[in-house]
Amino acid sequence: MSTFRTPRGTQDLLPDARPGWDHVVSAFERRCRLFGYDRIETPTFESTALFARAVGIDTDIVSKEMYSFDDRGGDSLTLRPEGTASVVRAYNQHGMKNWSQPVRLYYVTPIYRYDRPQAGRLRQHHQIGAEVLGEADGHVDAEVIALTWGVLGDLGLADLQLNLNSIGDPDDRAAYREALLAYYRPLEDQLCRDCRTRLESNPLRLLDCKEASCQPHKAAAPHSIDHLSAEAAAHFEQVKAGLEALGIPFKVDHLLVRGLDYYTRTVFEIWPATVGGQTTIAGGGRYDLLSEFIGGDPLPGVGFGCGIERVLLNLEAAGLLPPPPTRPTVYIAPLSEAAQPTATGLAGRLRAAGIAVLSGYRGASPRSHLRRANTAGVRYAAILGDRELESGRVALRDMLSGLQEDVALNDLIAEIAKRSASPSG
RNA sequence: GUGGCCGUAGCUCAGUUGGUUAGAGCGCUUGGUUGUGGCCCAAGAGGUCGGGGGUUCGAUCCCCCUCGGUCACCCCA
């Protein structure tokens, strides 16, 4: 056993896991093309200050989960802990305001957060995500949600629940915060210990409490949408109208507040049918102030992130993982040292003709060669021994039927092409 | 960062109330007479019994620490 292992909370992506992974990403990219989004790739690390200012210095992500380090020049850099800040940074850096608006971008990227690993939670996980920059209309929020919803639907995930809320603009949030405090303060001695702490540190989090005794208080707590400005309220109506026009079912969840400071107005999360620990598979919202947080001009934006590993867990649970990829068509079995050069040359010509070849090498018995061909799942084995070398032919064995016939070396490509073209072959 | 449970071959797991060379199934390699797969049979390779320390004549087994996994909390994807 090797001394080294993957660092805590990280995993190797082995060949068996590849089909599922590619399945998710290609479903996403198909949807992105359908919606007219272009791919962007930003650096794995950015200036630490970018995330601190965008996500918020008091958030868990920034205060305790970032992989930050000083490089040899003394700059503080951080491995990307979320996807949005980099995209907004790129918009500003490259003058995308001069592009046709809005700008629609998507990404597939690793995300790093120093957190205690558990089911569906890793220190390096991967997200697919998209952002729309430069348009404030609530129907764009609906578009982004539709993109997310469509990807998960394309993958076959059923019983998804879309939770939607609006936390308004900063003034609205401040007013709502006061309303929450006014409601909760008199109840203080009935609250759980955590909630009493939240009362001081982060009142919005009171709505997240899972303690049974706090549930009745949550249910009767004031709603954020009752504290929206006229503009924010109208915007929320646009989002809902957009979703209704798209036929996407949603539930307004008054308890939904998200943990990144940049969110304004729309927030949403998508939950799978199974309920347990880490169940949110996608989440996002609007962030009209983010650009200004990081020193840019005002820029409305909305986007989402979706955890690939969590999607895969759900696909696996639902039996929706795709089948293994196709195997090479031909296994080449050289039976002797003398046959090896011919076998190598044959493999080269077959591949040049577009036929997938798995090369066997001398030193294995005919039995071993065929066992390997069998395990590999190829359709044909091309056997080259001394007999074949003398006659300039090759024994072509159909691994499905067990039928075998000699074919002239020069006719092999045509023979395989003919067989794969015919319905029986 | 907090708490519960767990850690024996690549995988899934036995095992020893502390006692000489640690087991199975699957997988892998090779073989079952002349050049032929899948089933079957056999042999082989593969383990510092997660790591370190302690108790003991002796520890994979008991104790402590540590690392890792897992579940819940926190938070999030």
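Every chain is numbered from 1, with letters handed out A, B, ... down the list of sequences.
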A.B. asks: Salt bridge check, A:R419 against A:E405: does any charged N sit closer than 4.0 Å to a carboxylate O?
C.D. replies: yes
A.B. asks: Does a salt bridge link A:R31 with A:D154, judged by any charged N lying under 4.0 Å from a carboxylate O?
C.D. replies: yes
A.B. asks: So, applying side-chain contact (heavy atoms from CB on, under 4.5 Å) with A:L164, which one of A:D141, A:T266, A:D253, A:V267 is it?
C.D. replies: A:T266
A.B. asks: Can you give the donor-acceptor pairs under 3.5 Å from side chains of residues 46-54 of chain A to other protein atoms, not counting sequence neighbours?
C.D. replies:
from: A:E46; atom 1: OE1; to: A:R89; atom 2: NH1; distance (Å): 3.0
from: A:E46; atom 1: OE2; to: A:S86; atom 2: OG; distance (Å): 3.0
from: A:E46; atom 1: OE2; to: A:R89; atom 2: NH1; distance (Å): 2.5
from: A:S47; atom 1: OG; to: A:A49; atom 2: N; distance (Å): 3.4
from: A:T48; atom 1: OG1; to: A:S76; atom 2: O; distance (Å): 3.2
from: A:T48; atom 1: OG1; to: A:S76; atom 2: OG; distance (Å): 2.7
from: A:T48; atom 1: OG1; to: A:L77; atom 2: N; distance (Å): 3.3
from: A:T48; atom 1: OG1; to: A:L77; atom 2: O; distance (Å): 3.3
from: A:T48; atom 1: OG1; to: A:T78; atom 2: OG1; distance (Å): 2.7
from: A:R53; atom 1: NE; to: A:F293; atom 2: O; distance (Å): 3.2
from: A:R53; atom 1: NH2; to: A:F293; atom 2: O; distance (Å): 3.4

A.B. asks: Which nucleotide sits closest to the side chain of A:P117: B:rU70, B:rC76, B:rG37?
C.D. replies: B:rU70
A.B. asks: When the nearest nucleotide of RNA chain B is assigned to A:G385 and to A:T10 on a heavy-atom basis, which residue is associated with the more 5' position?
C.D. replies: A:G385
A.B. asks: If you check every side-chain atom of A:E388, which of B:rA77, B:rG1, B:rG35 has the closest atom?
C.D. replies: B:rG35
A.B. asks: Please state the C1' separation for the pair B:rG18 and B:rG58 - nearest whole angstrom.
C.D. replies: 8 Å
A.B. asks: Separation of A:M399 atom CE from B:rC39 atom P, in whole Å?
C.D. replies: 12 Å
A.B. asks: So, for A:R177 and A:P203, which heavy atoms are closest and what is the spacing to 0.1 Å?
C.D. replies: NH1-CD, 3.3 Å
A.B. asks: Among B:rC74, B:rG35, B:rG37, which nucleotide sits nearest the side chain of A:R397?
C.D. replies: B:rG37
A.B. asks: Say we look at B:rG37 and B:rA72: how far apart would their C1' atoms be, to the nearest angstrom?
C.D. replies: 50 Å
A.B. asks: If you take atom types as modelled and just measure distance, does the side chain of A:R121 reach the base of B:rA77 with a donor-acceptor pair under 3.5 Å?
C.D. replies: no
A.B. asks: With sugar-phosphate meaning primed atoms plus P, OP1 and OP2, does A:G402 contact a base, only sugar-phosphate, or nothing at under 4.0 Å between heavy atoms?
C.D. replies: base
A.B. asks: Extract the stems that RNA chain B is part of, considering only consecutive pairing runs of at least three Watson-Crick or G-U wobble pairs, both distances under 3.5 Å.
C.D. replies: B:1-7 with B:67-73, B:10-13 with B:23-26, B:28-32 with B:40-44, B:50-54 with B:62-66
A.B. asks: Given B:rA77, B:rG37, B:rU36, which nucleotide is nearest the side-chain atoms of A:P366?
C.D. replies: B:rU36
A.B. asks: At 4.0 Å (heavy atoms only), tell me whether A:L122 reaches a base, stays on the sugar-phosphate, or touches nothing.
C.D. replies: base
A.B. asks: Parallel, tilted or perpendicular for A:H254 and A:H223, by the 30°/60° rule?
C.D. replies: parallel
A.B. asks: Hey, which of these two, A:K64 or A:G284, hits RNA chain B nearer its 5' end, going by closest nucleotide?
C.D. replies: A:K64
A.B. asks: Got a salt bridge between A:R286 and A:D288, using NZ or NE/NH1/NH2 to carboxylate O under 4.0 Å?
C.D. replies: yes
A.B. asks: What interatomic distance, in whole Å, is found between C1' of B:rG52 and the corresponding atom of B:rC57?
C.D. replies: 23 Å
A.B. asks: Expressed as a whole number of angstroms, how long is the span from A:L396:CG to B:rU36:P?
C.D. replies: 18 Å
A.B. asks: Sugar-phosphate means primed atoms, P, OP1 and OP2; the rest is base. With that split, encode nucleotides 25-33 of chain B 5' to 3' as B, S or - using protein heavy atoms under 4.0 Å.
C.D. replies: ---SSBBB-
A.B. asks: Do A:R39 and A:E29 meet the salt-bridge criterion of a basic N to acidic O distance under 4.0 Å?
C.D. replies: yes
A.B. asks: Output the single nucleotide from B:rC74, B:rA77, B:rU70 whose closest atom is nearest the side chain of A:R8.
C.D. replies: B:rU70
A.B. asks: Nearest whole Å is fine: how far is B:rC74 P from A:Q118 CD?
C.D. replies: 10 Å
A.B. asks: Is a salt bridge present between A:E188 and A:R185, judged by a nitrogen-to-oxygen distance below 4.0 Å?
C.D. replies: no
A.B. asks: Once you round it to whole Å, what is the distance between C1' of B:rC76 and CD of A:E309?
C.D. replies: 13 Å
A.B. asks: Work out how far the P atom of B:rG51 is from that of B:rG68, and round it to whole angstrom.
C.D. replies: 15 Å
A.B. asks: Looking only at atom C1', what distance separates B:rA9 and B:rC28, rounded to whole Å?
C.D. replies: 12 Å
A.B. asks: Let's see if you can work this out: which of B:rG3, B:rC71, B:rG37 has an atom nearest to the side-chain heavy atoms of A:R116?
C.D. replies: B:rG3
A.B. asks: What contact category does A:I111 fall into here, base, sugar-phosphate, or nothing, at under 4.0 angstrom with non-hydrogen atoms?
C.D. replies: nothing
A.B. asks: Would you check if A:H125 stacks with the base of B:rA77, given a 5.5 Å centroid limit and a 30° plane limit, both strict?
C.D. replies: yes
A.B. asks: Expressed as a whole number of angstroms, how long is the span from A:E405:CD to B:rG35:C1'?
C.D. replies: 18 Å
A.B. asks: Would you kindly give the CG-to-P distance between A:L204 and B:rC75, to the nearest whole Å?
C.D. replies: 12 Å
A.B. asks: Distance from A:R362 atom CZ to A:T344 atom OG1, nearest 0.5 Å?
C.D. replies: 9.5 Å
A.B. asks: How is A:A282 classified with respect to the nucleic acid when contacts are heavy atoms under 4.0 Å: base, sugar-phosphate, or nothing?
C.D. replies: sugar-phosphate
A.B. asks: Quantified in whole Å, what is the P atom distance between nucleotide B:rU66 and nucleotide B:rC5?
C.D. replies: 16 Å
A.B. asks: Can you tell me if the side-chain N/O atoms of A:Q404 get under 4.0 Å from OP1 or OP2 in B:rU36?
C.D. replies: no
A.B. asks: Below 6.0 angstrom between ring centroids: does that apply to A:Y106 and A:Y37?
C.D. replies: no
A.B. asks: Distance check, C1' atoms only: B:rC65 and B:rA22, in whole angstrom units.
C.D. replies: 26 Å
A.B. asks: If you measure from the Lys or Arg side-chain nitrogens to the Asp or Glu carboxylate oxygens, is any gap between A:R379 and A:D398 under 4.0 Å?
C.D. replies: yes
A.B. asks: Rounded to whole angstroms, how far apart are CG on A:D115 and C1' on B:rU70?
C.D. replies: 15 Å
A.B. asks: What integer number of Å spans the C1' atoms of B:rG50 and B:rG31?
C.D. replies: 36 Å
A.B. asks: Roughly how many Å is it from CZ in A:R123 to C1' in B:rG68, rounded to a whole number?
C.D. replies: 11 Å
A.B. asks: Using a 4.0 Å heavy-atom cut-off, does A:G9 contact any base of the nucleic acid, only the sugar-phosphate backbone, or nothing at all?
C.D. replies: sugar-phosphate
